[in-house]
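Below is one structure, written out as structure tokens; the observations come after it.
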Amino acid sequence: MSNELKYYVSGSFVGSFSTTEDIVLFKNRDSLAVLKVKIHKGYITNSVEVTKEDFEVKAASNNFLNVNNIQINTSDSWPVSNNRIFSLGNLKLNKVEFYNIHTVDDITVGEIKGEAIASVYEGKFSDIKQLEKPPITEQQNTWERNQSKSDDTRTNESDDATKDRGISNDRDLSTNRGCFNFNWNSTWLKWLWYILALILLLYLLGKCTQLGEKLICKYENVRIEKEEKEVLQRIKILEEKIRLTEPRISTCGSALDMSGKAEPWKDYFDLGSKSGLVNISYDMHAIPDRLEIIYNGNLVDCSQDKLMQDVEGFELNKEEMIRLGFAQGEGNLNRFYFRYDSLKPTEIMIRVLPNKDFQSTEWEFKLNCPK
């Protein structure tokens with residue numbers, strides 16, 4: 001199969017993509033041009049045929065090579081029949097958007113769309129012609145006639161010899177006929193025909209009678225049940241994989257305590273569908289830490305003590321700690337009012353930033369539901 005350039009097309013492109021790069025890069029529009037993205041399939045709508053010159057002078061924010069499995073939805077006046085799948089040698093995209101993005105097994109997949117201009121290719125198969133029987137030459141005809149005469153002569157000589165020995169020529173014809181040299185009137189051959197006829201009769205009876213239909217129905221039921229078990233098993237495996245990709249979100253009313261190495265910590269909590277003031281009671285103990293509430297990507301509340309004491313054996317920079325929002329001992333956060341909206345997220349992120357001057361820390365808090 002050889003690829004043949006068919007034409008150049010312009011229109012709106014929608015397709016599927018995958019990449020192994022960090023998903024955070026999608027938030028930076030300037031980095032999209034350097035992403036290693038592979039497009040697997042897609043389709044072009046509002047398609048218009050353009051010239052090679054239009055294609056070459058068209059600038060693009062993203063270029064993709066060898067994009068396969070492309071469907072082109074065309075108008076009635078389109079010059080090429082739209083009943084097959086095409087390949088794009090070069091796809092240029094502008095106004096690119098990525099959406100429906102998710103990551104499975106370190107591979108990020110999703111949908112991509114944009115304004116497209118591309119070169120379209122299609123595979124073309126060569127016809128296979130049947131071999132014709134070569135003509136018979138005059139020399140071959142002469143040889144066949146001579147061979148036929150020679151066979152007739154040998155046959156006559158054989159008949160004469162048979163007559164001289166007193167052996168019936170008819171018996172020779174019945175026992176030495178064909179390639180296998182057996183008598184078609186043999187008793188075992190008749191029985192073979194009877195057995196084959198009986199098998200055929202039983203097959204027809206099995207297909208046409210109620211007993212045969214019941215047997216066929218029972219076999220089909222067993223086959224369908226087996227296929228259903230296999231499908232359910234595959235569904236169970238897929239559901240388990242999907243469950244592992246879903247984020248685990250705790251509910252409001254949860255309490256949490258932590259002690260150990262001083263490392264940043266964060267988790268997500270669902271506030272439910274009731275509006276109200278969100279209150280978090282906390283105890284940062286002796287070592288000061290910073291407690292933050294982030295909603296819809298914004299910092300809506302954080303700890304900020306007015307007074308702070310030195311830790312035993314260590315003198316704190318109290319003014320700096322208070323300015324940076326670190327807390328020590330018990331306290332409350334109650335400055336965030338949650339307004340429920342079905343079009344907005346109901347989750348908040350709670351984050352604890354430890355003090356860099358200490359190797360370990362200890363803290364606890366309780367998130368109360370909105371009231």
- Message: Determine whether Ser250 and Asp267 satisfy the following criterion, side-chain contact (heavy atoms from CB on, under 4.5 Å), listing intermediate values before the conclusion.
- Response: CA-CA 8 Å; Ser250 304; Asp267 203 352; 4.2 Å; yes
- Task: State, yes or no, whether a side-chain contact exists between Glu111 and Ser16 at a heavy-atom distance under 4.5 Å.
- Result: yes
- With a 4.5 Å heavy-atom cut-off, do Lys226 and Val222 have their side chains touching? no
- Do Asn332 side-chain atoms and Asn334 backbone N/O form a donor-acceptor pair below 3.5 Å? no
- Could Lys229 and Glu225 be called an ion pair, given the rule that one side-chain N must be under 4.0 Å from one carboxylate O? no
- Item | Worked verdict on Lys113 versus Lys95 for side-chain contact (heavy atoms from CB on, under 4.5 Å) | CA-CA 8 Å; Lys113 65 180 180 179; Lys95 298 183 180 179; over 6 Å; no
- Gln309 side chain near Gln328 side chain, heavy-atom distance below 4.5 Å: yes
- Check: Ser47 side chain, Ile44 main-chain N or O, donor-acceptor pair, under 3.5 Å: no
- Query: Are any of the side-chain heavy atoms of Met321 and Asn355 separated by less than 4.5 Å?
  - Reply: yes
- Is the count of non-hydrogen atoms from other residues, nucleotides or ligands lying under 6.0 Å from Arg223 atom CZ greater than 12? yes
- Phe358/Val311 under side-chain contact (heavy atoms from CB on, under 4.5 Å): CA gap, chis, key distance, verdict: CA-CA 10 Å; Phe358 296 88; Val311 180; 3.9 Å; yes
- Item | Residue Glu240 excluded, over 12 heavy atoms near CD under 6.0 Å | yes
- Looking at side-chain heavy atoms only, is the closest gap between Ile199 and Ile195 below 4.5 Å? yes
- So, Ser119 side chain and Asn90 main chain: donor-acceptor pair closer than 3.5 Å or not? yes
- Is Leu65 isolated, or which residues cluster with it under the ILVMFWY side-chain rule of less than 4.5 Å, directly or via members? none
- Task: Following the transitive rule for hydrophobic clusters with a side-chain heavy-atom cut-off under 4.5 Å over Ile, Leu, Val, Met, Phe, Trp and Tyr, establish whether Phe314 and Ile287 coincide in one cluster.
- Result: yes
- For the student: nearest non-hydrogen atoms of Cys369 and Gly253, plus distance: SG-N, 3.8 Å
- Item | Steps toward salt bridge (charged side-chain N to carboxylate O under 4.0 Å, His left out) verdict (Arg290, Glu292) | CA-CA 7 Å; Arg290 175 184 168 93; Glu292 299 178 342; 2.5 Å; yes
- Query: Should Leu91 and Val109 be counted in the same cluster of Ile, Leu, Val, Met, Phe, Trp and Tyr side chains packed under 4.5 Å apart?
  - Reply: no
- So, are Arg323 and Glu320 salt-bridged, with charged N and O less than 4.0 Å apart? yes
- Side chain Ser61, main chain Leu93, donor-acceptor under 3.5 Å: yes
- Message: Can you confirm whether more than 12 heavy atoms, excluding those of Leu307, are under 6.0 Å from its CG atom?
- Response: no
- Message: I want to check a possible cation-pi pair here: Lys92 against Phe55, using under 6.0 Å from ring centre and within 45° of the ring axis as the test.
- Response: yes
- Would you confirm whether Ser303, through its side chain, and Gly325, through its main-chain N or O, come within 3.5 Å as a donor-acceptor pair? yes
- Item | Ring centers of Phe98, Phe17 separated by less than 6.0 Å | yes
- Those residues at least two apart in sequence (or on a different chain) that pass side chain to side chain donor-acceptor pair (under 3.5 Å) with Lys318 are Asp310
- Task: Going by the side chain to side chain contact (heavy atoms under 4.5 Å, CB included) test, name the single residue among Val14, Ile70, Asn69 that passes it with Tyr43.
- Result: Val14
- Query: Between Asn46 (side chain) and Gly11 (backbone), is there a donor-acceptor pair under 3.5 Å?
  - Reply: no
- Query: Looking at Phe64, is Lys38 sitting on its ring face, NZ or CZ under 6.0 Å from the six-membered ring centre and within 45 degrees of the normal?
  - Reply: no
- Heavy atoms of other groups near Glu227 CD, more than 12 under 6.0 Å: yes
- Taking all heavy atoms of Ile249 and all of Glu347, pick out the closest pair and write down the distance. CD1-CG, 3.7 Å
- Message: With side chain to side chain donor-acceptor pair (under 3.5 Å) as the criterion, how do Thr251 and Asp270 come out once you've worked through the C-alpha distance, each side chain's angles and the decisive distance to 0.1 Å?
- Response: CA-CA 5 Å; Thr251 59; Asp270 188 8; over 6 Å; no
- Query: With hydrophobic residues grouped by side-chain heavy-atom distances under 4.5 Å, do Tyr337 and Ile294 end up in a single group?
  - Reply: no
- Query: Below 4.5 Å, heavy atoms only, C-beta onward: do Lys366 and Ser281 meet side chain to side chain?
  - Reply: yes
- Message: Starting from Tyr203, can I reach Leu196 by hopping between I/L/V/M/F/W/Y residues whose side chains sit under 4.5 Å apart?
- Response: no
- Query: Quick one: does Ile112's side chain get under 4.5 Å of Glu97's, heavy atoms only?
  - Reply: no
- Rounded to the nearest 0.5 Å, how far does CD of Gln233 lie from CD1 of Ile237? 5.0 Å
- Task: Indicate, with yes or no, if Ile242 and Val231 share a hydrophobic cluster defined by side-chain heavy-atom contacts under 4.5 Å among Ile, Leu, Val, Met, Phe, Trp and Tyr.
- Result: no
- Task: Return yes when atom OH of Tyr219 has more than 12 non-hydrogen atoms of other residues, nucleotides or ligands closer than 6.0 Å, and no otherwise.
- Result: no
- More than 12 heavy atoms from other groups under 6.0 Å of OH on Tyr99: yes
- Got a sec, which hydrophobics cluster with Ile293, joining ILVMFWY side chains under 4.5 Å apart, including via others? Leu256, Met258, Trp265, Phe269, Leu271, Val278, Ile280, Tyr282, Met284, Leu291, Tyr295, Val300, Leu333, Phe336, Phe338, Tyr340, Ile348, Ile350, Val352, Trp363, Phe365, Leu367
- Do Arg335 side-chain atoms and Cys302 backbone N/O form a donor-acceptor pair below 3.5 Å? yes
- Task: List the steps and the verdict of side-chain contact (heavy atoms from CB on, under 4.5 Å) for Met308 and Ile322.
- Result: CA-CA 8 Å; Met308 189 170 295; Ile322 294 174; 4.2 Å; yes
- Between Thr19 and Thr108, does a side chain to side chain donor-acceptor pair (under 3.5 Å) hold up when you go through it step by step? CA-CA 5 Å; Thr19 180; Thr108 300; over 6 Å; no
- Are the side chains of Lys41 and Asn68 in touch, meaning some heavy atoms are under 4.5 Å apart? no
